[in-house]
Structures are given as C-alpha cells and as structure tokens.
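All remarks here apply to the structure that follows.
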Amino acid sequence: MNTKQSLLDYRYLRMARIWAENSYCRRRQVGALVVKDKMIISDGYNGTPSGFENICEDESGTTFPYVLHAEANAITKLARSSNNSDGATLYVTASPCIECSKLIIQAGIRRVVYAEKYRLTDGVDLLEKAGVKVEYKALEDRQD
C-alpha cells in the first residue's frame, strides 16, 4: 500500500477514535467511519437504539444486549440515506465482532481498517474468508 493511503488510513482511524467519544458507554467507546472515494459517507459509535435512554451498562458494568456496535450504527445509518457502501472502506477503533462482520459483508464493504485487537478473532476471520481486505493499524504507532 502506498504511503499516501497509509497516512489517510491513520487519519480516518484517528477521526473514528474522536467520534467514539460521542458514545455514552462507560466500559468501552468505539467509533466507526464508512469512507468511499475519500468521502465519509457514514459514521457510528456504540450506543443504545434511537428512543432508548443513553445508558449502555447495568449497575454491575454488564453491557445491555440491545446496545448497538459502532459498525452496525454506521451501516444502518447508510440504509436511511441515499449513499451505498459498495466497495467502501470501514474504519473502526476495535476489530469487528462476528455479528458486525456479517453486516459488513452484506453491505458490500471491501476493506476494514481497525486500531485495536479484540480477544476474539472470529469476526476478522469471517471477513477474510469472505474476501474482505482487513488491516490492523495501531494508532500508537503513528504521530502525524
């Protein structure tokens, strides 16, 4: 991959990390951007569905099962717009879970760039099996 694309990748990942700050989740804040032709066409962060109170965890810190992941929010937001994600790149602060990976595949996203590895790799494994290009880029490695 060329240096210019690599610089863009880190910039979009940093933007996704900033977008994650919108999340009301206490345990973990995740942000995602869908980029196509160098334009951000959707964004998302983890949180509750529309109309729900912005509380993601119970008193013991367990995440409620209805909390949406950042990738799911970004992809479903596209469904309500005139944009489509065929051939797009998804930038996300944490590696996708298997459920989000299914959505990514079905949305036609062809590349996923993520900044933090999760303990489970089944989501990344599924993406690779489907031919989606997956790249890990630690934000701590870049200072530009």
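None of the values given here were measured: they were computed from a predicted structure.
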- Message: Apply side chain to side chain contact (heavy atoms under 4.5 Å, CB included) to residues Y91 and R17 and explain how you reach the verdict.
- Response: CA-CA 10 Å; Y91 293 91; R17 185 171 57 188; over 6 Å; no

- Message: Please determine whether side chain to side chain contact (heavy atoms under 4.5 Å, CB included) holds for the pair V112 and V92, giving the CA-CA distance in whole Å, both sets of side-chain angles, and the decisive distance to 0.1 Å.
- Response: CA-CA 8 Å; V112 174; V92 61; 4.3 Å; yes

- Item | Intermediate values then yes/no, side chain to side chain contact (heavy atoms under 4.5 Å, CB included), L78 and V34 | CA-CA 9 Å; L78 275 168; V34 180; 4.1 Å; yes

- Task: Check the pair L13, V113 against side chain to side chain contact (heavy atoms under 4.5 Å, CB included), reporting the backbone distance first and the verdict last.
- Result: CA-CA 8 Å; L13 281 174; V113 182; 3.7 Å; yes

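When all heavy atoms are compared, the tightest approach of R28 to Y118 is NH1-CD1, 3.6 Å. Residues S95 and V124 come closest through the heavy atom pair CB-CG2, 3.9 Å. Closest of all the heavy-atom pairs between E21 and Q29 is O-NE2, 3.9 Å.
The closest donor-acceptor contact from the side chain of E128 to the backbone of V134 lies at 3.5 Å or more, if one exists at all. Using a distance-only test at 3.5 Å, with no hydrogens or angles considered, no donor-acceptor pair links the side chain of T93 to the main chain of A16. For the pair S42 (side chain) and A74 (backbone), a donor-acceptor distance under 3.5 Å is present. When atom types are taken as modelled, the side chain of T76 and the backbone of A72 share a donor-acceptor pair closer than 3.5 angstrom.
Here the OG1-CG distance, from T121 to L126, works out to 11.0 Å after rounding to the nearest 0.5 Å. Here the CG-CG distance, from L127 to L90, works out to 9.0 Å after rounding to the nearest 0.5 Å. We find the OG1-CG distance between T3 and D9 to be 11.0 Å, quoted to the nearest 0.5 Å. Within the model, atoms OH of Y24 and OH of Y45 stand 6.5 Å from one another, a figure rounded to the nearest 0.5 Å. A distance of 8.0 Å separates OG1 in T48 from CG in L68, rounded to the nearest 0.5 Å. Rounded to the nearest 0.5 Å, atoms CD1 (I40) and CG (N83) are 12.0 Å apart.
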Residues 97-110 side chain polar contacts: donor-acceptor under 3.5 Å, at least two apart:
from	atom 1	to	atom 2	distance (Å)
E99	OE1	K102	NZ	3.4
E99	OE2	K102	NZ	3.1
S101	OG	C97	O	2.9
S101	OG	G123	O	2.9
R110	NH2	G131	O	3.0

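When side chains are defined from C-beta on, R14 counts as touching L139, because their heavy atoms get closer than 4.5 Å.
Scored by the side chain to side chain donor-acceptor pair (under 3.5 Å) test, T89 finds no partners at all (sequence neighbours excluded). Residues meeting the disulfide bond (SG atoms under 2.5 Å apart) test with C56, sequence neighbours left out: C25. The side chain to side chain donor-acceptor pair (under 3.5 Å) check on R27 picks up T63, with sequence neighbours excluded.
Hydrophobic cluster of I55: the remaining members, joined at side-chain heavy-atom separations below 4.5 Å, are F52, F64, Y66, V67, listed by chain and number.
Contacts classified as salt bridge (Lys or Arg N to Asp or Glu O under 4.0 Å) and involving residues 34-52 (residues at least two apart or in different chains) are given here: D43-K77.
In this structure, K137 is not positioned above the aromatic face of Y114 in the sense of NZ or CZ being under 6.0 Å from the six-membered ring centre and within 45° of the axis.
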